[in-house]
Amino acid sequence: MSKILIIYASTDGQTRKICQRLQQVVEQQLHRVTVVAIEDVATIDAASFDKIVIGASIRYGKHSPLIVNFIEQNRPLLESRPNAFFSVNVVARKPEKSRPEHNPYLQKFLRRISWKPGTVVVFAGKIDYPSYRPLDRFMIRLIMWMTKGPTDPNAVIEFTDWQQVEAFGHTVAAM
Ligand SMILES: Cc1cc2nc3c(=O)[nH]c(=O)nc-3n(C[C@H](O)[C@H](O)[C@H](O)COP(=O)(O)O)c2cc1C
């Protein structure tokens with residue numbers, strides 16, 4: 001049995017939901033999982049875990065700066081045990097952008113940080129237009145219009161492939 005830490009950055013809850021599903025899958029493999037938001041990471045001792053997974057969503061092209069800071073301050077710790085990183089964004093709804101090597105946000109992020117995660121994954125996120133502030137709704141609809149995605153302002157669409165999330169859960173349990 002391993003003690004596994006999953007740290008996440010989520011603005012609207014989709015990355016947290018992915019972490020909760022990962023937790024279920026990994027705990028079914030009899031490991032113990034702690035899921036913590038990056039805002040609360042100071043409340044836990046990351047060094048007391050056997051494996052560390054970090055997940056973050058994209059907002060206007062960037063992952064959370066808190067996640068970037070945590071990674072830069074804890075690179076030796078991350079690299080001293082099995083580790084993984086996953087990104088959540090809506091560009092990944094497109095099959096050709098869903099692979100880590102072809103997802104522009106993930107590639108840019110990996111070039112920016114010094115950590116080389118042992119495993120990297122990209123998940124498609126969710127669009128929830130009614131819950132967005134007007135400017136955000138406008139901007140995301142514009143981006144969707146440019147990339148031939150849904151633009152109905154009432155649309156709530158979860159692009160996340162839960163089978164892919166479960167498969168990653170098995171990878172984490174085994175790594
Ligand atoms: C204000 C805002 C900006 C976003 N910017 C991007 C973006 O630049 N590229 C992208 O692929 N997805 C973008 N998204 C989509 C999010 O990555 C997606 O909704 C994801 O599920 C959010 O995860 P979270 O709920 O864990 O924050 C954006 C969403 C919002 C609300």
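One-based numbering along the sequence shown. Counting starts at 1 for both ligands and their atoms, in listed order.
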Are [X] and [Y] linked by a side-chain donor-acceptor pair shorter than 3.5 Å?
{"X": "T151", "Y": "R141", "value": "no"}
{"X": "E158", "Y": "Q14", "value": "yes"}
{"X": "Y129", "Y": "D136", "value": "no"}

Legend entry - Closest non-hydrogen atom pair between M175 and I52, with its separation: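 Taking M175 first and I52 second, the nearest heavy atoms are CE-O, 4.3 Å.
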Inset, instruction - Determine yes or no for a side-chain-to-main-chain donor-acceptor pair under 3.5 angstrom, with N154 supplying the side chain and D152 the backbone. - result: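 Checking the backbone N and O of D152 against the side chain of N154, no donor-acceptor pair under 3.5 Å is found.
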Inset, instruction - Begin with the C-alpha distance, continue with both residues' side-chain angles, and end with the deciding distance and a verdict on side chain to side chain contact (heavy atoms under 4.5 Å, CB included) for I7 and F70. - result: CA-CA 10 Å; I7 303 168; F70 179 84; 3.5 Å; yes
Inset, instruction - For ligand 1, would you mind listing the residues that have at least one heavy atom less than 4.0 Å away, ordered by chain and number? - result: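 These residues qualify: S10, T11, D12, G13, Q14, T15, S57, I58, R59, Y60, G61, V88, N89, V90, V91, Y105, G125, K126, Y132, D136, I140.
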